[in-house]
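First the proteins, then the strands, lettered A, B, ... as listed; each starts at 1. Values below: all heavy atoms of this structure, side chains included; hydrogens, waters and symmetry mates excluded.
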Amino acid sequence: MRLLNKFFARSAVVVATELIGCFLCRKLKDSKIQRLKIVEIEAYEGWNDKASHASRGKTARNAPMFEEAGTIYVYFTYGMHWMLNIVCGPKNYPSAILIRSLENVYGPARLTKYLGIDKSLNNQKLGKSSGLWIEKNENYTKIHGRGKVNKLSRVGVAYAGPIWSQKKWRFVLKEI
DNA sequence: GGAGTGATGACA
DNA sequence: GTCATCACTCCA
């Protein structure tokens, strides 16, 4: 079952937690649909989050973060890598989740390369039009039972200072 | 461990 | 206009 925008219109931390184990779906040029389990996610929440692009206010680059929930935010970094984010929370409130790893596709830049995700998807909505959406896993309760999801500190955010870099806002699925 | 890559934002 | 920075991957 496809997750609707309503699902994303909540706290990024909650959304990130619940997305663990769900399927990221991508329709490619040849019409084949890829369905890959999400195993690692980070949350970026609000104005005060120093690790978030939005901490310095709205700019041309991070504008999609201020759009309504379910908007796709793709950005380019390190001169060669695309990052895939999904916007969360209410409109004009900057929060998003960063999809870091899928089953068998580990690494945020690898998965975008693998799924053919680039700037053309930026600021689009999840769904048929963009060819990118997320489906709920039928085994959701099984996956989330008995501490199957690790909570860790986020990656590469030391510059954000101890308060924000130590937040346990990275969620990783343990082996099933 | 270190190079590579280029958009971005801060500053002048 | 310049410059340092960056939520990474690759190859050693």
Side-chain angles (χ1 to χ4, degrees), chain A residues 7-22 24 26 28 34 36-90 92-126 130 132-134 149-174:
Chain A
F7 175 89
F8 297 95
R10 297 177 293 155
S11 154
V13 176
V14 174
V15 173
T17 310
E18 295 189 9
L19 278 179
I20 292 291
C22 292
L24 180 69
R26 174 69 170 145
L28 295 166
Q34 299 264 5
L36 290 159
K37 196 185 296 173
I38 298 169
V39 297
E40 184 177 0
I41 291 205
E42 282 181 14
Y44 292 86
E45 177 83 53
W47 308 95
N48 296 325
D49 186 352
K50 289 285 181 292
S52 166
H53 286 167
S55 66
R56 293 189 199 128
K58 189 174 180 177
T59 64
R61 175 164 75 152
N62 66 27
M65 289 187 81
F66 294 77
E67 288 300 317
E68 57 188 312
T71 300
I72 301 164
Y73 173 37
V74 178
Y75 70 89
F76 194 63
T77 192
Y78 291 107
M80 54 181 92
H81 301 303
W82 296 102
M83 299 289 152
L84 173 61
N85 302 251
I86 310 295
V87 177
C88 300
N92 294 318
Y93 177 78
S95 73
I97 53 101
L98 167 68
I99 300 179
R100 295 187 58 86
S101 297
L102 307 172
E103 194 170 43
N104 300 322
V105 187
Y106 299 101
R110 282 192 186 165
L111 71 92
T112 52
K113 189 178 174 187
Y114 182 80
L115 295 174
I117 291 165
D118 62 17
K119 194 170 63 178
S120 65
L121 281 171
N122 193 34
N123 215 13
Q124 291 206 47
K125 302 282 183 284
L126 288 174
S130 57
L132 185 74
W133 65 93
I134 295 173
V149 179
N150 279 329
K151 294 182 174 61
L152 304 167
S153 54
R154 294 177 290 181
V155 172
V157 292
Y159 70 94
I163 296 170
W164 294 99
S165 61
Q166 287 170 16
K167 293 261 185 208
K168 297 287 189 289
W169 283 0
R170 180 158 60 101
F171 306 96
V172 183
L173 180 64
K174 290 183 191 175

Undergrad: Can you give the first and last nucleotides of DNA chain B, 5' to 3', that have an atom under 4.0 Å from a heavy atom of chain A?
TA: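 In short, chain A contacts DNA chain B from dG4(B) to dA10(B).
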Undergrad: Could I get the full list of side-chain contact (heavy atoms from CB on, under 4.5 Å) partners for Tyr106(A), not counting sequence neighbours?
TA: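 Checked Tyr106(A) against side-chain contact (heavy atoms from CB on, under 4.5 Å); matches are Val39(A), Ser101(A).
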Undergrad: Excluding sequence neighbours, so at least two apart, what forms salt bridge (Lys or Arg N to Asp or Glu O under 4.0 Å) with Arg26(A)?
TA: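 Scan of Arg26(A) (salt bridge (Lys or Arg N to Asp or Glu O under 4.0 Å), adjacent residues dropped) gives none.
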Undergrad: Among residues two or more places apart or on two chains, list those pairs meeting side-chain hydrogen bond (donor to acceptor under 3.5 Å, both in side chains) that have a residue in residues 7-21 of chain A.
TA: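 Found Arg10(A)-Glu18(A), Ser11(A)-Glu45(A).
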Undergrad: List for me each residue that meets ring pair (Phe, Tyr, Trp, His ring centres under 6.0 Å) alongside Trp133(A), sequence neighbours excluded, and say none if there are none.
TA: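 Testing Trp133(A) for ring pair (Phe, Tyr, Trp, His ring centres under 6.0 Å), a comparison that skips the adjacent residues, returns none.
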Undergrad: Any salt bridge (charged side-chain N to carboxylate O under 4.0 Å, His left out) pairs touching residues 52-67 of chain A, not counting sequence neighbours?
TA: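 Pairs touching residues 52-67 of chain A that pass the test: none.
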Undergrad: Please encode protein proximity along nucleotides 5-12 of chain C as a string of B, S and -, counting only heavy-atom distances under 4.0 Å.
TA: -BBBSS--
Undergrad: Which value, rounded to the nearest 0.5 Å, describes the distance between Leu24(A) atom CG and Ile134(A) atom CD1?
TA: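 If we round to the nearest 0.5 Å, Leu24(A):CG and Ile134(A):CD1 are 5.5 Å apart.
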Undergrad: Residues in side chain to side chain donor-acceptor pair (under 3.5 Å) with Asp49(A), at least two apart?
TA: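 Only Arg154(A) meet the side chain to side chain donor-acceptor pair (under 3.5 Å) criterion with Asp49(A).
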Undergrad: Of all residues at least two apart in sequence or in a different chain, which pass the side-chain contact (heavy atoms from CB on, under 4.5 Å) check with Lys50(A)?
TA: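 Listed in chain order: Ala160(A), Trp164(A).
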Undergrad: What stems involve DNA chain B, if each pair must be Watson-Crick or G-U and both of its distances must be under 3.5 Å, with 3 or more such pairs in a row?
TA: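 As far as DNA chain B goes, consecutive pairing (with distances under 3.5 Å) yields the stems B:1-4 with C:8-11, B:6-11 with C:1-6.
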Undergrad: Any side-chain hydrogen bond (donor to acceptor under 3.5 Å, both in side chains) pairs touching residues 109-121 of chain A, not counting sequence neighbours?
TA: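 As it turns out, the side-chain hydrogen bond (donor to acceptor under 3.5 Å, both in side chains) pairs with a partner in residues 109-121 of chain A, which skip direct neighbours, are Asp118(A)-Ser120(A).
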Undergrad: Between side-chain atoms of residues 68-77 of chain A and protein atoms elsewhere (two or more places apart, or another chain), which donor-acceptor pairs fall under 3.5 Å?
TA:
| residue | atom | partner | partner atom | Å |
| --- | --- | --- | --- | --- |
| Thr71(A) | OG1 | Glu68(A) | O | 2.7 |
| Thr71(A) | OG1 | Lys125(A) | NZ | 3.3 |
| Tyr73(A) | OH | His53(A) | ND1 | 3.0 |

